Amino acid sequence: MDIKISPSMLASDYANLQTELEKCEKGGADLIHLDVMDGHFVPNISIGAPVIAAMKRVCAIDFDVHLMISNPYSYIDDFINSGADIITFHTECDSDIQKTIDKIIAGGCKAGLAVKPNTPIEEVFSYLDKLSMVLVMTVEPGFGGQGFMESTLPKIKSLRQKCPMLDIQVDGGINTETVKLAGAAGANVFVAGSAVFNSDDPAAAIQTLRNNAGI
């Protein structure tokens with residue numbers, strides 16, 4: 001599987017989003033990870049579709065939109081229209097999962113499904129035929145800067161054994177060391193916030209993550 005690095009804009013400088021996006025493009029990022037939080041599904045609020053649409057106008061990289069919201073079904077059209085390329089939502093949400101997946105695909109986007117650290121990976125199995133990606137959260141969703149939870153690694157291994165060609169994404173606490181653990185378990189798409197945006201050289205940070213993920 002191709003290794004993909006998806007810098008999380010949650011850790012970027014929101015006063016200079018265009019500059020931060022340019023760092024990612026020049027640095028060789030494969031995707032741009034955009035966390036959408038509603039203050040209900042998770043105890044935090046972040047950006048919405050209008051901000052994503054503005055960012056899309058100045059960035060050519062595919063947008064990897066992670067919906068941490070209670071009712072994603074009602075907002076799918078908004079995020080499709082904002083320029084999302086991949087839309088991932090949670091099994092733990094209140095929306096009908098199959099209908100939400102179908103709505104994403106019908107709108108021309110790729111569909112992803114996410115699970116929190118304590119949710120069994122088996123929750124995604126019945127939907128795998130329609131999914132382009134599964135996101136295994138390696139921290140509790142809602143805030144950046146948390147520590148990587150090694151207890152999530154068996155879920156990654158189980159999913160990779162079941163789906164050798166599926167994109168498996170990990171999000172939370174990913175740095176130059178934890179990326180090795182996640183990569184060895186079978187993940188191939190890595191969301192990294194602080195590891196990229198707190199670096200003096202984002203391009204070098206992205207390359208190091210990519211190299212270490214393959215170890």
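Residues take their numbers from the sequence shown, with the count starting at 1. Computed from a predicted model, the values in this text were never measured in an experiment.
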Using the rule that two of Ile, Leu, Val, Met, Phe, Trp, Tyr join whenever any of their side-chain heavy atoms come within less than 4.5 Å, decide whether [X] and [Y] are in one cluster.
X: M133; Y: L159; result: no
X: I105; Y: V65; result: yes
X: F79; Y: I86; result: no
X: L113; Y: F125; result: yes

Check whether [X] reaches the backbone of [Y] with its side chain - one donor and one acceptor, N or O, closer than 3.5 Å.
X: D62; Y: L31; answer: no
X: E92; Y: K116; answer: yes
X: K155; Y: T119; answer: yes
X: D171; Y: V191; answer: no
X: T152; Y: T138; answer: no
X: T208; Y: A204; answer: yes

A side-chain contact here means heavy atoms from C-beta on lying under 4.5 Å apart; do [X] and [Y] qualify?
X: S8; Y: S194; answer: no
X: D167; Y: M1; answer: yes
X: K23; Y: E20; answer: yes
X: H66; Y: Q169; answer: no
X: L128; Y: V134; answer: yes
X: R210; Y: F190; answer: no
X: M68; Y: N44; answer: no
X: L10; Y: M37; answer: yes

Rounded distance [0.5 Å steps], CD1 in I32 versus NZ in K56: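 Going from CD1 on I32 over to NZ on K56, the span is 9.0 Å.
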
Ion pair check, K103 and D96, cut-off under 4.0 Å: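 No, K103 and D96 are not salt-bridged.
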
Residues, nucleotides or ligands: over 12 heavy atoms within 6.0 Å of K110 NZ: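 Check fails, neighbour count at 12 or below.
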
Neighbour count above 12 (heavy atom, 6.0 Å) for F41 CZ: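 Correct, the count exceeds 12.
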
Charged tip of K99 within 45° of Y73 ring normal and under 6.0 Å: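 Judged by the rule, K99 and Y73 form no cation-pi pair.
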
Name of the residue among L135, I101, I69 meeting side-chain contact (heavy atoms from CB on, under 4.5 Å) with F89: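 Considering L135, I101, I69, a side-chain contact (heavy atoms from CB on, under 4.5 Å) with F89 is found only for I101.
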
